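Worksheet: one structure, shown below.
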Amino acid sequence: MQERGIYHMIKGAIHSTESFGSVDGPGIRFLIFLKGCRMRCRYCHNADTWDPRSDDMRTADELLDQAERYRSYWGKEGGITVSGGEPLLQIDFLLDLFRKAKARGIHTVIDTAGEPFTREEPFFSKFQELMQVTDLLLMDIKHIDPEEHRKLTGRQNDNILEMFRYLSSIGKPVWIRYVLVPGITDGDGFLKKTREFISTLENVRKIEVLPYHSMGEYKWKELGIPYSLEGVEPPGTDSVKYAECILRGESGDPHEKISGS
Ligand code: SF4
């Protein structure tokens, strides 16, 4: 009972919500963007979510009441997706939100970079509980190489890869996302090494290659932070297709598939 009392008080630091998300999980979804991220991905288009403070603090029930206004549009597959920022930084709130969502029969998705993951307590027990009320994770592989990962995001990747392994061990469905940045993540060797890692996982339902774009660059400027990818162009369609072939482990010569498509 005491625990319920504690969770009743929890409020999430919210960045924004969107009523009709169509790419962040299956079906039509209500999207909740939480504040706070400790990574500093050079291509981040949500730099305005980094600061964990928010003027918009809301309870799980307030958000779920808002989300359910759109429930008739969700169909069989839709539901809610919590993104950010990095949602796992607010794991107590997320746990409360998803427990209550499940009690309402709502499909739950987390869009995460996995950066806060650790097997240390108290995080790990909370994470295990969270997975019991999470249907799917959308998870980024920012870079497979530890040193390149650090250069790209400012953080290490060993705990992130460990999170992938853990999710595989419990059979939790994952969609992998890979941002293709020319000159940084599109190297053949890196793509093949990433594929090698993905092929050790048994829970991957989808692999998406997202072409780098600079649409969030203005937010860096607004925050007064230099944007280090200035001048980097988005990758071409062929590069994206090539990366998809490699990361998905499709058989045959990817170059032939592209020229024949
Ligand atoms: S993890 Fe996401 S929100 Fe955080 S810096 Fe990277 S792209 Fe931005």
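Order of appearance sets the numbers: ligands from 1, and atoms from 1 within every ligand. Quick caveat, the model's predicted, so the values are computed rather than measured. Reckoned from all heavy atoms, side chains included, excluding hydrogens, waters and symmetry mates.
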Going by an N to O cut-off under 4.0 Å, is there a salt bridge joining Asp135 and Lys102?
yes
Is a side-chain donor-acceptor pair under 3.5 Å present for Asp111 with Ser83?
yes
What's the shortest distance from atom 8 (Fe) of ligand 1 to any protein heavy atom, and which residue and atom give it?
Cys44 SG, 2.3 Å
For atom 4 (Fe) of ligand 1, grab the closest protein heavy atom and report residue, atom and distance to one decimal in Å.
Cys37 SG, 2.3 Å
Show me which atoms of ligand 1 lie under 4.0 Å from any heavy atom of Trp50.
5 (S), 8 (Fe)
Thinking salt bridges, do Glu222 and Lys219 make one under a 4.0 Å N-O criterion?
no
At what distance, to the nearest 0.5 angstrom, does NE2 of His15 lie from CG of Asn46?
6.5 Å
Counting from 1, what ligand 1 atoms have a heavy atom of Ala113 closer than 4.0 Å?
1 (S)
Looking at Asp92 and Lys126, is any side-chain nitrogen of the basic one under 4.0 Å from a carboxylate oxygen of the acidic one?
yes
Within less than 2.8 Å of atom 6 (Fe) of ligand 1, any N, O or S from Cys41?
yes
Name the closest protein heavy atom to atom 2 (Fe) of ligand 1, giving the residue it belongs to and the distance to 0.1 Å.
Lys142 NZ, 4.0 Å
